[in-house]
Number of protein chains: 2
Amino acid sequence: MARSGADLALLLLSGFRSLVDAAMAELADRGYDDFRPTHEFALRAIIAGADSASDLGRRTAVSKQAAAKTIAVLVQRGYVSSEPDPADARRKRLEVTPLGLDVLREGEAVFEELRARWERRLGVAELARLEADLATLVGDDVVRVDAPGWAAHHPTEEAP
Amino acid sequence: MARSGADLALLLLSGFRSLVDAAMAELADRGYDDFRPTHEFALRAIIAGADSASDLGRRTAVSKQAAAKTIAVLVQRGYVSSEPDPADARRKRLEVTPLGLDVLREGEAVFEELRARWERRLGVAELARLEADLATLVGDDVVRVDAPGWAAHHPTEEAP
DNA sequence: TAACAGTAGACAACCTCGTTGTCCTTGTCC
DNA sequence: GGACAAGGACAACGAGGTTGTCTACTGTTA
């Protein structure tokens, strides 16, 4: 097949995009409008223990200001609550609300469904193999999202 | 291994990013500073026949204004020339300059080298298999980049 | 205990890449 | 000719980041 290196990159990108676009669309259908991957990962990070803006920034490899902006959105939509920390007046403690847990659960289900779809097309063993290979190549630091802008996607059409 | 669907997405993203980041860094080392994937793909599209801004926009699934901006950069750096079309006064004909061809060639080499590195780590057959699987999943419309913002990446550190 | 360095958060300005919306010029087709 | 489409330029704006600066609080240290 002799694909080129650039094609390989494109392949990876396309895979990611098709997964994420589908997930976002499905979530929108379920009523969680305009929910971005960034939000999902922020929620995850908060659950995992990032209970302040600065902390979230560190964990998601982003400036604390950027994290604060994300948090502002999540709070405004009711996915996260932010109350002053009684023990440290500088901080505001972040907590994921029940609604936040809902959207996270739904998101998980959506991704699972998408993965299952791929599994049907490729076979269980083959998909597992693909994942294992990718993990080998990428190393195990997949957790770091580390890519400002990676979630930007504003599907629109020009001049209908 | 039982990875989740979201992890799969992350895996794909990480793969893409690690490839592209490395490629950009290497190109910068070779003297093509601040060359973005967008530029690479714009050049490719122009070579492939997109000889006007609107045309480029259509081919790269981006508004003609965005395409025009990209072109402005490419022209300013000497990678693309833009002359009025004698046959149609509305158009400006785009052409990739020798310098543009250079950078494209270099880019190709860099990606090839990166792919070879992965090949060494995974084995020739296994990488081919991975590519084939991805191609199956993604379909054959990989050509469409179709992701505004997908190339945004501004590596920076907060407060050293 | 008083000074001081570091952390949290807020605000403002700015960048990049993309988007609309609008306008003008030029071709094309009936 | 006249309606309409297409190409391009300009301006305004939005999303998601960044830096820089400022204030309030904490914990440590002399």
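Letters A, B, ... mirror the listed sequences (proteins, then strands); counts begin at 1. In what follows, every heavy atom counts, from backbone to side chain, and hydrogens, waters and symmetry copies are set aside.
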Has the side chain of [X] got a donor or acceptor that lies under 3.5 Å from a partner of the other kind on the base of [N]?
X        : N       : value
Lys64(B) : dG8(D)  : yes
Lys69(B) : dG18(C) : yes
Gln65(A) : dG20(D) : yes
Arg90(B) : dA6(D)  : yes

>> Of the options dT19(C), dA24(D), dG17(D), whose atoms approach the side-chain atoms of Ser63(B) most closely?
In response: dT19(C)
> The side chain of Ala89(A) lies closest to which of these nucleotides: dT22(C), dG20(D), dC25(D)?
Replying inline: dC25(D)
Measure [atom1]/[X] against [atom2]/[N] and give the value in whole Å, please.
X        : N       : atom1 : atom2 : answer
Arg36(A) : dG16(D) : CZ    : C1'   : 9 Å
Leu56(A) : dT7(C)  : CG    : P     : 18 Å
Glu83(A) : dG9(C)  : CD    : C1'   : 17 Å
Asp85(B) : dG27(C) : CG    : C1'   : 12 Å

> Touch check for Ala53(B), heavy atoms < 4.0 angstrom, all strands: base, sugar-phosphate only, or nothing?
Replying inline: sugar-phosphate
[X] side chain N/O closer than 4.0 Å to the phosphate oxygens (OP1, OP2) of [N]?
X        : N      : answer
Arg58(A) : dA8(C) : yes
Ser52(B) : dG8(D) : yes
Ser54(A) : dG9(C) : yes

> When you check the gap from the basic side-chain N to the acidic O, do Arg91(B) and Asp51(B) get nearer than 4.0 Å?
Replying inline: yes
>> If you assign Asp88(A) and Lys92(B) each to the DNA chain D nucleotide with the nearest heavy atom, which residue ends up on the more 5' nucleotide?
In response: Lys92(B)
